[in-house]
Amino acid sequence: MTDKPVRTRFAPSPTGSLHIGGLRTALFNWLFARHHGGQFILRIEDTDQKRFDPAALTTLIEAMRWAGLQWDEGPEVGGDFGPYVQSERLEHYQKWAHWLVEQGKAYQCFCTPERLEMVNKEKAARKLPSGYDRHCRYLKPDEIAAKEAAGASYVIRFKMPLEGKTIAHDLIRGDVVFENDTLQDSVILKSDGFPTYHLAVVVDDYLMQISHVMRANEWIPSFPLHVQLWHALGWEMPQYAHLPVLLNPNGKGKISKRNPPKDKFGNIIPVMVHDYIHNGYLPEALSNFLTNIGWNFGDNREVFTITEAIERFNLEGINPSNSAYPVEKLDWLNGIYIRELSIEDLAKRLRPVLEAAGYEVNVEILLQVTPLVQTRIKTLNEVGAMAGFFFADYADFQAAPAEMLIQKKMDAANTTHLLEESLKLLEALADFSHEAQHEAFKNLAETLGVSNSQLFGTLRVAVTAQNISTPTFETMAILGKDESLRRIRLALESVKQTQT
RNA sequence: GGCCCUAUCGUCUAGAGGCCUAGGACGUCACCCUUUCAAGGUGAAGACUCGGGUUCGAAUCCCGAUAGGGUCACCA
């Protein structure tokens, strides 16, 4: 490792929201930079004009900001090494591509896509490895001049060494050795004047003084190309670390948006960060979750703050092997983070979720409801099904059907009796706090010959019309005496209807 | 198929030759608590892919097999 200042970068191509695997790569880069007190840079790799989407950058940045990432240089924050969008840096790539041609380290290739296809077909027929046959590498100067004069379009290909080995050093797995005769003369500048990824990364990483390149290990196959490119350009290479990738939960194939992964129940697992936002995950939980895959905090700790992660983050702790995406841990972690939130904070995050679900949120009630749902939800979104009824119009309340009201090992008769007795008890109550209710109900179950769980369960269903909800007395206390009694009477009618 | 990477409970992982009778977490199951559901507590089941070496000693080092993954574009 050199003593150059640490500068890492995350360089996504803007195709929409951020891929969950991309977020993890970004996180690792950011953690590493922060740990070393260095800089983290966001660079946009939009050299593929066919995939251009003007709205994508905004969405991408939104996802990264949501996740808590902060970059010191980037498209919207500026910096001394900008612009940070590759489509605005074409002159650099063209300059260096042509420089390489002049130096005899790259060459113009006039081959048409049709010819390329034909070459590969022929190779396939003879069971040879596919790839360009280097036809234009051996063009004579006058042949090149003639093609140029005729206005033929061309790409620039890099001259890979024909023999020997390329040794590429990776911080995580050591030296990776490639036989040069198995390598290709890759295109580095396309016929439209745009660079391919290979040229653009090297030029930009050099110009932006990147010290450590941390990217997904799917880049290992082109690693030797990049090493040779650095060498041909005569620049000192940064350090490279190829990160493991996220595989589908069943371990088959890397996680991708095209083939949505599924959990063990067959539910589709979100791939894009925006899906996690919309599904009610906390950014703190997501980033904690992601840093736990392929990296280990140590001390048998799984739950830690991002600040703690920054203090500890190191490349040595990175596992070189790919991981099946352990989704089920995310719900667990998200639940933990939800429980650690203050009531005010949780309420603040719950409010937009409720509103998005169409509820009109009364803040006073929300503050009372929040502690009740806090231990019961794993994602913010679950609040709707659990406690949405607090925010619905009370006038619209529909009593639960009898079969739902009648608890296990009970029948219509004793359910009716139970509700009637409860009603009497509640009517007489001056203090409607949940403590007072609890006190009042202390002996009723025994008197009625039912269990507490049957009694309270019946009441809870009566008052919420839901099987799963907030606890009975707390719920009634929030609903208020009048409304609670009204609902119990409604429930009573519902049960009685089935008796006739 | 060529090239490359990887290999510890179902899954995420700890483990840098003796601390390993392989630790933690999620999930699963059981019990406790209990006002449904949760949360919380306690406990259980559960892994070094296989075969050769090296060594007094291997989950740890080497080789091979096998398996999985990645990649073979004028996409990144």
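Below, chain A is the first sequence line, B the second, and so on; all start at residue 1.
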Hey, what's the ring geometry for [X] with [Y], parallel, tilted or perpendicular (30° and 60° as the breaks)?
X       : Y       : value
F297(A) : W295(A) : perpendicular
Y276(A) : Y325(A) : perpendicular
H198(A) : W219(A) : perpendicular

When you measure only distances, ignoring hydrogens and angles, does the side chain of [X] come within 3.5 Å of the base of [N] through a donor and an acceptor?
X       : N      : result
R460(A) : U36(B) : yes
R301(A) : U13(B) : no
T472(A) : U35(B) : yes
R173(A) : C5(B)  : no
S469(A) : C37(B) : no
S13(A)  : A76(B) : no
E218(A) : G69(B) : no

Worksheet item: In residues 436-454 of chain A, which residues come under 4.0 Å of RNA chain B by heavy atom?
Response: H438(A), N452(A), S453(A)
Checking contacts here: which listed nucleotide ([options]) is nearest the side-chain heavy atoms of [X]?
X       : options                : answer
N319(A) : A14(B), U71(B), A38(B) : A14(B)
E302(A) : A25(B), C74(B), U71(B) : A25(B)
T375(A) : U71(B), A38(B), A7(B)  : A38(B)
I293(A) : U35(B), G69(B), U13(B) : U13(B)
N296(A) : A14(B), U6(B), C74(B)  : A14(B)
S323(A) : C12(B), C74(B), C4(B)  : C12(B)
S130(A) : U13(B), A73(B), G68(B) : A73(B)
L116(A) : U35(B), C74(B), C5(B)  : C74(B)

Within the 3.5 Å criterion, strictly below it, is a donor on [X] or [Y] matched to an acceptor on the partner's side chain?
X       : Y       : result
N381(A) : Y281(A) : no
D204(A) : Y93(A)  : yes
N322(A) : N217(A) : yes

Contacts under 3.5 angstrom, residues 463-474 of chain A side chains, donor-acceptor by atom type, not counting sequence neighbours:
{"residue": "T464(A)", "atom": "OG1", "partner": "R460(A)", "partner atom": "O", "Å": "2.7"}
{"residue": "T464(A)", "atom": "OG1", "partner": "Q466(A)", "partner atom": "N", "Å": "3.1"}
{"residue": "T464(A)", "atom": "OG1", "partner": "Q466(A)", "partner atom": "O", "Å": "3.3"}
{"residue": "Q466(A)", "atom": "NE2", "partner": "A385(A)", "partner atom": "O", "Å": "3.0"}
{"residue": "Q466(A)", "atom": "NE2", "partner": "M386(A)", "partner atom": "O", "Å": "3.3"}
{"residue": "Q466(A)", "atom": "NE2", "partner": "I468(A)", "partner atom": "O", "Å": "3.0"}
{"residue": "S469(A)", "atom": "OG", "partner": "R460(A)", "partner atom": "NH1", "Å": "2.9"}
{"residue": "T470(A)", "atom": "OG1", "partner": "T475(A)", "partner atom": "OG1", "Å": "2.6"}
{"residue": "T472(A)", "atom": "OG1", "partner": "F456(A)", "partner atom": "O", "Å": "3.1"}

Practice prompt. Have a look at W219(A) and say if it touches a base, only the backbone sugar-phosphate, or nothing, with a 4.0 Å heavy-atom cut-off.
Written response: base
Worksheet item: What does I468(A) touch in the nucleic acid at a heavy-atom separation under 4.0 angstrom: a base, only the sugar-phosphate, or nothing?
Response: base
